[in-house]
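Written out below as structure tokens is the structure these notes cover.
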Amino acid sequence: MAFSVSRFASLAPYLVSLLLLFLLIEQISYLVKKRNLPGPLFVPPIIGNAVSLVRDPTSFWYKQSATAGTSRGLSANYLIGKFIIYIRDTELSHQIFSNVGLNAFHPLGHPFGKQLFGDHSLIYLFGEDHKTVRRHLAPNFTPKALSTYSDLQQIVMFRHLRQWEESFSGGTKPVSMRDLVRELNLETSQTVFVGPYLDKEARNTFRTDYNLFNVGSMALPINLPGFAFSKARRAVMNLEETLSVCAGKSKEKMATGEEPKCLIDFWMHAIVTEIESGNPPPLHSEDEAIGGLLFDFLFAAQDASTSSLLWAVAFLESNPEVLSKVREEVAKIWSPESGELITADQLAEMKYTRATAREVVRYRPPATMVPHIATNDFPLTESYTIPKGTIVFPSVFDSSFQGFTEPNRFDPDRFSETRQEDQVFKRNYLAFGWGAHQCVGQRYALNHLVLFIAMFSSLFDFKRLQTDGCDDIIYCPTISPKDGCTVFLSKRVVTYPNL
């Protein structure tokens with residue numbers, strides 16, 4: 001024992017010297033990669049500024065954006081051994097989105113997404129693999145499929161809206177909408193994606209695992225037992241396993257010739273049909289792979305939609321003239337007292353309501369950034385080359401406030417047939433991505449938001465509980481109002497819809 005202590009004591013100066021040398025090399029490496037980009041001159045050893053990011057992500061990213069605004073639309077920082085670049089300028093962001101591939105940039109979905117999402121994520125497919133999977137996803141978003149989903153979405157929405165009315169209507173007690181909307185969206189996603197194949201127990205387990213994933217996605221990426229990130233990884237594996245079982249059940253049912261009743265049915269119907277025609281099974285059509293891909297849909301639909309629905313309520317309340325126009329349009333097309341669901345044709349007629357939904361997504365894009373990793377050195381500008389291994393964060397949020405007419409004004413009319421700013425400033429509207437990895441389910445997502453706006457504004461009067469900073473942005477993990485969008489609700493219709 002004495003010998004070991006003595007041996008360690010003799011080695012201690014060398015170990016300390018090696019540690020100091022490592023830290024010096026780390027700082028020099030950061031400064032070499034940073035070159036003349038704005039950003040901190042010194043970063044904390046090893047973890048970088050990860051603590052600042054986890055503690056207050058809103059302030060961290062605001063500072064990155066503000067710093068980038070003082071230069072060429074770029075700023076640098078360092079997070080847990082990774083050099084990062086924040087991209088504020090739209091055209092520079094396009095260089096990232098337009099160069100996704102094996103030899104340029106890989107999407108991450110999360111700064112440590114590969115560890116979190118696993119091997120079967122659509123995010124990490126490229127080339128022919130990616131094209132093949134997207135081609136087989138196409139049947140999931142045909143007009144027939146979207147119409148089927150619309151009915152399911154509305155049934156779930158009405159059930160939750162009625163519960164809200166029974167529990168909170170009367171306008172005397174304010175209620176935070178965040179948890180209510182999260183539950184609505186989780187049940188909608190479960191029902192639309194795999195509804196017939198999840199029993200009540202599976203749905204409850206699903207909810208628990210997804211909550212663990214949400215918490216872990218915002219934590220430090222410490223993959224050790226007991227830490228939130230490790231729990232999130234395990235939760236993702238559980239969710240993917242549950243979804244893979246649903247895929248197998250759907251394949252069996254579609255093989256009997258039944259009509260598709262949810263998204264997984266439309267997907268498996270196309271796969272079964274292809275196999276029965278004598279072709280080999282498509283790439284990534286195994287149950288396990290389908291489970292991973294379905295989790296991508298769940299992640300995109302759940303958290304992004306929760307963000308958009310909350311901001312929709314906030315902006316409708318703070319813009320009464322917009323709310324009035326939405327109610328007037330919806331009333332001409334559909335009445336909640338009719339006892340009928342909104343049809344696909346009626347949904348298509350709600351042009352101003354759809355414009356409002358698009359403006360919500362522009363003004364507050366749920367995923368404010370789309371992280372990518374550079375697989376090789378990439379010349380971004382004439383004076384700066386992104387080093388290999390850098391994580392780049394093209395800012396969808398900043399692009400949403402570039403180019404558009406009066407971009408800081410909430411104005412649904414910008415998407416009218418007269419102004420068509422969605423076309424004029426198409427390159428700035430990046431909420432659903434750009435290029436090969438553009439969101440495959442964006443029509444579903446917009447339909448979901450339009451349906452919610454139409455039904456919520458028709459069934460409820462609502463007044464925001466105004467508090468200091470209530471509209472400040474927080475990350476959880478997509479952005480939402482700081483107060484959770486706390487409102488007073490009161491019933492607006494005489495007879496509640498009987499569906």
Side-chain angles (χ1 to χ4, degrees), residues 134-162 184-198 246-247 250 253-254 256-273 293-294 296-298 300-302 304-305 308-309 312 326 329-358 360-361 415 432 438-459 497-499:
R134 285 185 71 101
R135 185 167 62 251
H136 284 97
L137 292 177
N140 299 343
F141 301 103
T142 61
K144 179 181 178 181
L146 290 171
S147 179
T148 300
Y149 308 155
S150 176
D151 289 350
L152 296 173
Q153 288 166 286
Q154 290 178 75
I155 291 169
V156 174
M157 283 184 188
F158 272 122
R159 182 159 58 245
H160 280 261
L161 293 175
R162 182 146 199 168
L184 181 155
N185 278 332
L186 185 57
E187 185 179 347
T188 305
S189 298
Q190 290 174 336
T191 303
V192 170
F193 296 167
V194 294
Y197 309 107
L198 283 179
C246 294
S250 177
K253 183 172 285 189
M254 292 302 99
T256 66
E258 288 198 31
E259 282 292 309
K261 296 179 180 178
C262 62
L263 184 146
I264 190 65
D265 282 350
F266 281 99
W267 192 354
M268 296 305 100
H269 182 269
I271 289 175
V272 168
T273 301
L293 295 169
L294 266 175
D296 291 345
F297 285 2
L298 176 71
Q302 170 65 20
S305 290
S308 293
L309 268 58
V326 165
E329 178 182 71
V330 173
K332 290 178 180 177
I333 298 169
W334 171 80
S335 169
E337 297 174 354
S338 67
E340 300 291 335
L341 295 172
I342 299 171
T343 66
D345 289 340
Q346 289 174 324
L347 189 62
E349 288 183 62
M350 297 180 183
K351 295 182 179 180
Y352 184 80
T353 308
R354 184 168 294 272
T356 301
R358 290 179 67 83
V360 169
V361 174
F415 295 111
F432 292 107
Q438 190 173 25
C439 176
V440 69
Q442 59 180 287
R443 286 183 296 171
Y444 168 81
L446 275 175
N447 282 353
H448 187 69
L449 184 52
V450 173
L451 287 168
F452 177 81
I453 290 173
M455 290 189 289
F456 184 81
S457 62
S458 298
L459 294 172
N498 182 13
L499 299 173

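Note that these values count all heavy atoms, side chains included, but never hydrogens, waters or copies made by symmetry.
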So N447 and S150, side-chain contact (heavy atoms from CB on, under 4.5 Å) or not? Walk me through it. CA-CA 7 Å; N447 282 353; S150 176; 5.8 Å; no

Just by distance, do the side chain of [X] and the backbone of [Y] share a donor-acceptor pair under 3.5 Å?
X: T256; Y: K253; value: yes
X: Q302; Y: S189; value: no
X: T142; Y: A138; value: no
X: T356; Y: Y352; value: yes
X: S250; Y: C246; value: no

Under 4.5 Å between any side-chain heavy atoms of [X] and [Y], yes or no?
X: L294; Y: L263; value: yes
X: M157; Y: H448; value: yes
X: S305; Y: F452; value: no
X: I271; Y: M254; value: no

Are R354 and E329 within salt-bridge range, i.e. N to O under 4.0 Å?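 Result for this pair is no, no salt bridge flagged.
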
From [X] [atom1] over to [Y] [atom2], what is the distance, rounded to the nearest 0.5 angstrom?
X: T188; Y: H160; atom1: OG1; atom2: NE2; value: 6.0 Å
X: L184; Y: L161; atom1: CG; atom2: CG; value: 6.5 Å
X: R134; Y: L293; atom1: CZ; atom2: CG; value: 12.0 Å
X: R135; Y: L137; atom1: CZ; atom2: CG; value: 10.5 Å

With a distance cut-off below 6.0 Å to the six-membered ring centre and an angular limit of 45° from the axis, does R443 pair with F141 as a cation-pi contact?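 The answer is no, since R443 fails at least one limit relative to F141.
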
Whether the Y149 and N140 side chains hold a donor-acceptor pair (N or O, under 3.5 Å, no angle test) is what I'd like checked.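 Looking only at side-chain atoms, N140 and Y149 do not form any donor-acceptor pair under 3.5 Å.
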
Can you list the steps and then say if L309 with F456 is a side-chain contact (heavy atoms from CB on, under 4.5 Å)? CA-CA 10 Å; L309 268 58; F456 184 81; over 6 Å; no

Non-hydrogen atoms of [X] and [Y] that approach each other most closely:
X: A145; Y: P139; value: CB-O, 3.7 Å
X: K261; Y: L152; value: O-CD1, 3.5 Å
X: A454; Y: V330; value: CB-CG2, 3.8 Å
X: I342; Y: Q154; value: N-OE1, 2.7 Å
X: I333; Y: Q346; value: O-NE2, 3.0 Å
X: L449; Y: S308; value: CD1-O, 3.8 Å

So Q190 and L298, side-chain contact (heavy atoms from CB on, under 4.5 Å) or not? Walk me through it. CA-CA 8 Å; Q190 290 174 336; L298 176 71; 5.5 Å; no

Should W334 and S458 be marked as a side-chain contact (heavy atoms from CB on, under 4.5 Å) after you check the CA-CA gap, both sets of side-chain angles, and the distance that decides it? CA-CA 10 Å; W334 171 80; S458 298; 4.2 Å; yes

By side chain to side chain contact (heavy atoms under 4.5 Å, CB included) - contacts of Q438 (at least two apart):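 For Q438 the side chain to side chain contact (heavy atoms under 4.5 Å, CB included) partners, ignoring immediate neighbours, are Q442.
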
